[in-house]
Novice: 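Have a look at this one before I ask anything.
On a predicted model such as this, the values are computed, not experimentally measured, just so you know.
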Amino acid sequence: MIDLLHQRRSVPSRLLSDPGPDAEQIQTILSSAVRVPDHGRLAPWRFIRIRGDARQALGEALATRRREIEPNAASAVIEKDAERFNHTPVIIAVIGCLVPGHKIPEQEQLLSGGAVCFAMLQAAHCLGFGAQWLTGWAAYDPIITGLLGLTDHERVLGFIHIGTARQPAPDRDRPDPLERLVDWSPK
């Protein structure tokens, strides 16, 4: 299992295509994701699946919004937004559902949601899929998050793109973890 984990890498969404995970595989990915640490058992996250024609509709909404906030945007920028969700067969938006004022700090709630995103990447990899965790400007735009149905206490933590890699995922240099490790000792 460690060897499999050491092989995991993000596959750029533009390199993902059909087939994507079926309903049973999505269930497996999400079942793995909800096993993350969750102080207080708040489950401060939920999921929005984006697939089929919804991918194009969301991309068109991004392009429209881009024109509103940046009227002089280059056509290539508009086109990139319009196509942002069309490369990958399935995108799962992970939504952080913060519980303000709870004894569990919001930071811990967000960290649990981040762990959900990463657990989804690992589960997709274990099932033989490529995946990428993206946010981008749309994750923070109030019009787009409203379109997705988010409330005031919710945040897009990531758009998890899942599909079949059309080519091997590129690797990148990784830091030597031991160079980043220090031992603490009392003075």
Side-chain angles (χ1 to χ4, degrees), residues 1-59 84-100 102-136 138-140 144-145 147-151 153-166 168-169 171 174 177:
M1 289 181 66
I2 289 293
D3 288 341
L4 189 60
L5 291 175
H6 286 180
Q7 295 169 16
R8 196 220 62 84
R9 57 188 46 97
S10 294
V11 179
S13 63
R14 68 184 182 287
L15 299 180
L16 297 171
S17 62
D18 287 316
D22 61 25
E24 183 178 330
Q25 291 165 321
I26 291 289
Q27 171 71 36
T28 298
I29 290 167
L30 295 178
S31 293
S32 180
V34 300
R35 298 191 60 81
V36 300
D38 176 17
H39 189 188
R41 299 180 190 173
L42 294 177
W45 18 258
R46 65 183 179 91
F47 310 101
I48 300 172
R49 180 171 43 193
I50 305 162
R51 61 184 174 160
D53 293 340
R55 298 172 305 154
Q56 180 67 37
L58 185 54
R84 187 172 302 274
F85 296 101
N86 284 336
H87 305 291
T88 311
V90 177
I91 301 100
I92 305 289
V94 178
I95 309 303
C97 308
L98 301 178
V99 182
H102 195 278
K103 69 178 183 177
I104 306 304
E106 288 184 15
Q107 173 75 3
E108 290 186 27
Q109 296 175 47
L110 288 170
L111 289 169
S112 180
V116 163
C117 293
F118 187 60
M120 290 176 66
L121 295 178
Q122 289 180 312
H125 175 72
C126 288
L127 291 174
F129 292 103
Q132 187 176 29
W133 174 1
L134 297 171
T135 51
Y140 308 102
I144 299 301
T145 59
L147 179 67
L148 290 170
L150 274 63
T151 68
H153 299 292
E154 293 184 318
R155 307 285 178 272
V156 174
L157 302 179
F159 293 105
I160 311 301
H161 295 247
I162 309 169
T164 299
R166 291 192 311 247
D171 203 359
R174 307 288 174 160

Novice: With sequence neighbours excluded, tell me which residues meet salt bridge (Lys or Arg N to Asp or Glu O under 4.0 Å) with D53.
Specialist: none
Novice: Can you see which heavy atom on G59 is nearest to which on F85, and at what distance?
Specialist: N-CD1, 4.2 Å
Novice: If I compare all heavy atoms of V94 with all of G113, which pair ends up nearest, and what's the gap?
Specialist: CG1-O, 4.1 Å
Novice: Once you round to the nearest 0.5 Å, how far does CZ of F129 lie from CG of L16?
Specialist: 10.5 Å
Novice: List the steps and the verdict of side-chain contact (heavy atoms from CB on, under 4.5 Å) for I162 and I91.
Specialist: CA-CA 6 Å; I162 309 169; I91 301 100; over 6 Å; no
Novice: Between the main-chain N or O of A131 and the side-chain N or O of H125, is there a donor-acceptor pair closer than 3.5 Å?
Specialist: no
Novice: Only counting residues at least two apart or in another chain, list the ones meeting side chain to side chain donor-acceptor pair (under 3.5 Å) with S31.
Specialist: Q27
Novice: So L4 and M1, do their side chains get closer than 4.5 Å, heavy atoms only?
Specialist: no
Novice: In chain order, what residues pass the side chain to side chain donor-acceptor pair (under 3.5 Å) check against S32, with sequence neighbours excluded?
Specialist: none
Novice: So does G96 get a backbone contact from the side chain of Q109, meaning a donor-acceptor N/O pair under 3.5 Å?
Specialist: no
Novice: Is there a side-chain contact (heavy atoms from CB on, under 4.5 Å) between T135 and Y140? Walk through the geometry before answering.
Specialist: CA-CA 8 Å; T135 51; Y140 308 102; 3.7 Å; yes
Novice: CZ of R84 to CD of Q56: how many Å apart, nearest 0.5 Å?
Specialist: 13.5 Å
Novice: Give me the atom names and distance for the closest heavy-atom approach of V36 to A119.
Specialist: CG1-CB, 3.9 Å
Novice: Using the side-chain contact (heavy atoms from CB on, under 4.5 Å) rule, take F47 and I95 through it: C-alpha gap first, then chi angles, then the decisive distance, then the call.
Specialist: CA-CA 6 Å; F47 310 101; I95 309 303; over 6 Å; no
Novice: The criterion is salt bridge (Lys or Arg N to Asp or Glu O under 4.0 Å); which residues satisfy it with R155, sequence neighbours excluded?
Specialist: none
Novice: Under the rule for side-chain contact (heavy atoms from CB on, under 4.5 Å), what residues qualify as partners of S13, not counting sequence neighbours?
Specialist: T88, Q132, L134, H161
Novice: Only counting residues at least two apart or in another chain, list the ones meeting salt bridge (Lys or Arg N to Asp or Glu O under 4.0 Å) with R174.
Specialist: D171
Novice: Please name the pair of heavy atoms, one in A93 and one in I50, separated by the smallest distance, quoted to 0.1 Å.
Specialist: CB-CD1, 4.4 Å
Novice: Should I48 and L150 be marked as a side-chain contact (heavy atoms from CB on, under 4.5 Å) after you check the CA-CA gap, both sets of side-chain angles, and the distance that decides it?
Specialist: CA-CA 10 Å; I48 300 172; L150 274 63; 4.2 Å; yes
Novice: Would you give the length of the straight line joining atom CG of L98 to atom CD1 of I104, rounded to the nearest 0.5 angstrom?
Specialist: 13.0 Å
Novice: At their closest point, which heavy atom of P37 faces which heavy atom of S112, and how far apart are they?
Specialist: O-OG, 2.8 Å
Novice: Tell me, do L30 and M120 make a side-chain contact under 4.5 Å, heavy atoms counted?
Specialist: yes
Novice: Quick one: list whatever passes side-chain contact (heavy atoms from CB on, under 4.5 Å) with L147, sequence neighbours left out.
Specialist: L58, A61
Novice: What closest approach, in Å, do V11 and G130 show between heavy atoms, and which atom pair accounts for it?
Specialist: CG2-CA, 3.7 Å
Novice: Quick check: are there more than 12 heavy atoms from other residues, nucleotides or ligands sitting under 6.0 Å from CD of E24?
Specialist: no
Novice: In chain order, what residues pass the salt bridge (Lys or Arg N to Asp or Glu O under 4.0 Å) check against R55, with sequence neighbours excluded?
Specialist: none
Novice: Could you give all pairs that pass the salt bridge (charged side-chain N to carboxylate O under 4.0 Å, His left out) test and reach residues 43-52, with sequence neighbours left out?
Specialist: R46-E154
Novice: Can you pull out every salt bridge (charged side-chain N to carboxylate O under 4.0 Å, His left out) where at least one residue sits in residues 103-118? Sequence neighbours excluded, please.
Specialist: none
Novice: Does D18 have any side-chain contact (heavy atoms from CB on, under 4.5 Å) partners at least two apart in sequence or in another chain, and if so, which?
Specialist: P89
Novice: Look up atom CG in L15 and atom OG in S10, then write down how far apart they are to the nearest 0.5 Å.
Specialist: 11.5 Å
Novice: For F118, give me all partners under side-chain contact (heavy atoms from CB on, under 4.5 Å), at least two apart in sequence or on another chain.
Specialist: R8, L121, Q122, W133
Novice: About how many Å separate SG of C126 and CG of L5, when rounded to the nearest 0.5 Å?
Specialist: 6.0 Å
Novice: Measure the CD1-CD1 distance between I92 and I26 for me, rounded to the nearest 0.5 Å.
Specialist: 4.0 Å
